[in-house]
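One is the number of the first residue; the rest follow in order along the sequence.
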Amino acid sequence: MSEEKSIIMDLEILEGLPQPQIEARITPSSGTGMSRKVYIESYGCQMNFSDSEIVASILQKQGFDTTTEIEEADVVFLNTCSIREKAEQTVRNRLQQINGLKKHKPELTVGVLGCMAERLKSKFLDEEKIVDLVAGPDAYRDLPLLIEKVDDGQKAVNTFLSREETYADISPVRLNSNGVTAFISIMRGCDNMCTFCVVPFTRGRERSRDPHSIVAEAKDLFDKGYREVTLLGQNVDSYTWSEEENNKARLNSKPIHERVNFAQLLERVALVNTELRIRFSTSHPKDITDEVLQVMARHENICNYIHLPVQSGSSAVLKRMNRGYSREWYLERVNRMREILGPDCGLSSDMIAGFCGETEQDHQDTLSLMDAVRFDFSYMFMYSERPGTLAEKRFKDDVPEETKKRRLSEIIARQNRHSLENNQRDIGKVFKVLVEGTSRRSAEFLQGRNSANKVIIFPKQNKEKGQYVYVRVSRCTGATLVGELEE
Ligand code: SAH
Ligand code: SF4
Ligand code: F3S
């Protein structure tokens, strides 16, 4: 999940919004003077933002420029999210607005990409008349042909889910980048089948990308001046790649027995350069191994931070969620993490309030788990039933909306307290910070993060983005540390 987004969300949580608002992201202009222009607006998680960079790369090769001005676009793409009802509603509202635009410009092609496209498939064309093109997450190589089809006056749909596609050979155009931090997609899909979750249906089966292409991408980014990469997947701990499985066809000629798990991949990327920081997201509590924790401990440049979504503190709820671990298992994993990586290792979570059958006691269990663990921050949501998921088929969405809201606000209040208290403990400490750019609040300040993923703001002086600096923390809010440079 996006670090940058996490900061935005964290700030919003502090400002008391009941639920994090996910901003739409617009792919910036490439401005190479090509004839046709595509406007891409992305919703949802970092996976989608990364996919939009792949889409931009595929279309650039076909003579398209990206633009930030929807009015000047020939093709408009919305890269959509289905994770909660609200995410889909946002896209439908946006399509209404774009409908107004299309009335003045009938030749405009409107396409829907991503998870909502996959979920609804050709039904999208019936439900939203304005849509010309529907492409699921594994169908982006087909976009040039789909656009051609629309040019010929037809509607175009490709929602085929692949067992192999990882876009390994496509180098994403990093138009949204600060030039310091970047995301590298290491796997696609998810096989976990958490009962509340739509992702296995919208992104298909899990598959891991060739580690050589991942390491090559990390090297290339380092050479271009990047100093931090985040390895991305829905469940990075189940990353597994083998020459045999991935290259069955070629095996006859040259048998190679190479197997790579996540811990090994992490180590390979860490060895690219000690000046390149490595982060990863998302880890799964049932799968994170001691081997991964030990690799993290061995390499200073693998950041001391784990996003380990717990979802609920009640073992009964976790069972209904099909998360594959209990409250006790989760607490044991956190203890192990702190044993191996020390008490300062950053830890964050995702939490769902009001899942099917959640009792008041279950909710209290979530709060008490939060007290036991003391997360640095969390993404917190009300349960939103999704069509086609196992929970929709098996359980009743029986927690009243008002109760969900109240429980969520209690979870948020608890998290805010922990975030602030954890940050207060950092006052007086000195951290190594990678400078990411100018602070959002003031041009006189720079901002970056420490290894534990905490945002730190400090006076600019003569420092520049991409540098490592040492900062002594002097004050804080729940979301940000503020400090002075140490020479
Ligand atoms: N693969 C990641 C999660 C991806 S979805 C993981 O397993 O941790 C991001 C978060 O959205 C989830 O962790 C969960 O907290 C939340 N989420 C997913 N489905 C949801 C639903 N139906 N209602 C509310 N929140 C949901
Ligand atoms: Fe969804 Fe669970 Fe897969 Fe995460 S691990 S994407 S929550 S099914
Ligand atoms: Fe991401 Fe939303 Fe799809 S969270 S994987 S874009 S459903």
Side-chain angles (χ1 to χ4, degrees), residues 1 46-47 50 163-169 171 181-192 205-223 226-248 250-251 254-309 324-325 333-334 336-342 345-347 451 453:
M1 195 172 284
Q46 189 56 48
M47 291 280 174
S50 289
R163 278 177 172 258
E164 289 93 31
E165 181 64 272
T166 58
Y167 300 110
D169 57 315
S171 89
T181 60
F183 292 88
I184 301 182
S185 175
I186 63 163
M187 57 201 295
R188 298 180 72 83
C190 184
D191 284 351
N192 274 328
R205 298 304 297 270
E206 195 171 280
R207 64 221 97 119
S208 298
R209 179 178 165 189
D210 184 330
H212 305 100
S213 76
I214 296 169
V215 170
E217 194 171 327
K219 279 197 176 122
D220 181 53
L221 286 164
F222 185 81
D223 291 343
Y226 287 82
R227 290 296 174 263
E228 182 182 297
V229 295
T230 302
L231 308 181
L232 271 187
Q234 291 297 353
N235 179 4
V236 290
D237 303 287
S238 60
Y239 176 91
T240 172
W241 187 88
S242 71
E243 186 79 27
E244 292 94 316
E245 277 163 40
N246 289 276
N247 285 324
K248 276 189 190 121
R250 278 196 278 143
L251 200 65
K254 194 179 163 208
I256 304 169
H257 302 290
E258 188 186 8
R259 273 187 179 277
V260 182
N261 67 16
F262 181 59
Q264 293 159 338
L265 176 73
L266 203 52
E267 187 142 50
R268 285 191 191 191
V269 181
L271 290 170
V272 163
N273 196 302
T274 51
E275 292 293 294
L276 182 70
R277 269 187 172 179
I278 326 294
R279 297 184 190 276
F280 52 89
S281 191
T282 303
S283 298
H284 197 299
K286 80 175 162 60
D287 294 325
I288 190 166
T289 58
D290 283 5
E291 192 190 355
V292 166
L293 300 175
Q294 275 145 3
V295 168
M296 290 175 74
R298 265 207 300 280
H299 295 273
E300 195 263 340
N301 58 327
I302 304 179
C303 289
N304 214 14
Y305 163 71
I306 303 178
H307 182 60
L308 197 66
Y325 56 87
R333 287 287 80 199
V334 171
R336 196 80 186 110
M337 175 195 100
R338 289 183 173 151
E339 255 169 50
I340 297 177
L341 297 167
C345 183
L347 180 64
S451 179
N453 206 34

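In this structure the side chain of Arg205 reaches within 4.5 angstrom of the side chain of Asp191, judged on heavy atoms. Counting heavy atoms from C-beta outward, Leu266 and Ile278 have side chains that approach closer than 4.5 Å. The closest side-chain heavy-atom distance from His299 to Glu267 is below 4.5 Å. Residues Val236 and Val292 fail the side-chain proximity criterion, which asks for heavy atoms closer than 4.5 Å.
Here the CZ atom belonging to Phe183 is positioned 8.0 Å from the OG atom belonging to Ser281, to the nearest 0.5 angstrom. To the nearest 0.5 Å, atoms CG (Asp287) and CZ (Arg333) are separated by 10.5 Å. For the atom pair Leu276 CG and Leu271 CG, the distance stands at 11.0 Å (nearest 0.5 Å). In this structure, the separation between CD1 on Ile302 and CG on Leu293 is 11.0 Å, given to the nearest 0.5 Å. Between the NE2 atom in His307 and the OG1 atom in Thr282 there is a gap of 5.0 Å [rounded to 0.5 Å]. For the atom pair Glu217 CD and Leu231 CG, the distance stands at 10.0 Å (nearest 0.5 Å).
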Practice task
Applying side chain to side chain contact (heavy atoms under 4.5 Å, CB included), run through Arg207 and Glu165 and close with a yes or a no.
Solution key: CA-CA 8 Å; Arg207 64 221 97 119; Glu165 181 64 272; 4.1 Å; yes

Exercise for the section: Please step through side chain to side chain contact (heavy atoms under 4.5 Å, CB included) for the pair Val229 and Val272, ending with a clear verdict. Expected result: CA-CA 11 Å; Val229 295; Val272 163; over 6 Å; no

Problem - Stepwise side chain to side chain contact (heavy atoms under 4.5 Å, CB included) test for Glu258 and Trp241 - result: CA-CA 8 Å; Glu258 188 186 8; Trp241 187 88; 3.7 Å; yes

Practice task
Check step by step if side chain to side chain contact (heavy atoms under 4.5 Å, CB included) holds for Met296 and Ile306.
Solution key: CA-CA 10 Å; Met296 290 175 74; Ile306 303 178; 3.7 Å; yes

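Judged purely by distance below 3.5 Å, without hydrogens or angles, the side chains of Ser238 and Glu206 pair a donor atom with an acceptor atom. Between the side chains of Asn261 and Glu291, a donor-acceptor pair is found at a separation under 3.5 Å.
A pairwise comparison of heavy atoms in Met187 and Gly233 identifies CG-CA, 3.6 Å as the closest pair. Pairing each heavy atom of Ser50 with each of Leu232, the nearest pair is OG-CD1, 3.5 Å. Minimum heavy-atom separation, Phe262 to Ile186: CE1-CD1, 3.9 Å. The minimum heavy-atom distance linking Lys286 with Gly324 is given by the pair CB-O, 3.6 Å. Between Asp237 and His284, the shortest heavy-atom contact is OD2-N, 2.8 Å. Summarising the geometry of Pro309 relative to Tyr325, their closest heavy-atom pair is O-OH, 3.3 Å, with the distance given to 0.1 Å.
No donor-acceptor pair under 3.5 Å is formed between the side chain of Ser208 and the backbone N or O of Tyr239. Judged by distance alone, with hydrogens and angles left aside, the side-chain atoms of Arg279 form no donor-acceptor pair with the main-chain N or O of Glu228 at under 3.5 Å. Asn301 places a side-chain N or O within donor-acceptor distance of the main-chain N or O of Asn273, the cut-off being under 3.5 Å. Of the possible donor and acceptor atoms, none in the side chain of Arg268 sits under 3.5 Å from a partner among the backbone N and O of Val215.
Counting heavy-atom neighbours within 6.0 Å of Glu339 CD, excluding the residue itself, gives a total above 12.
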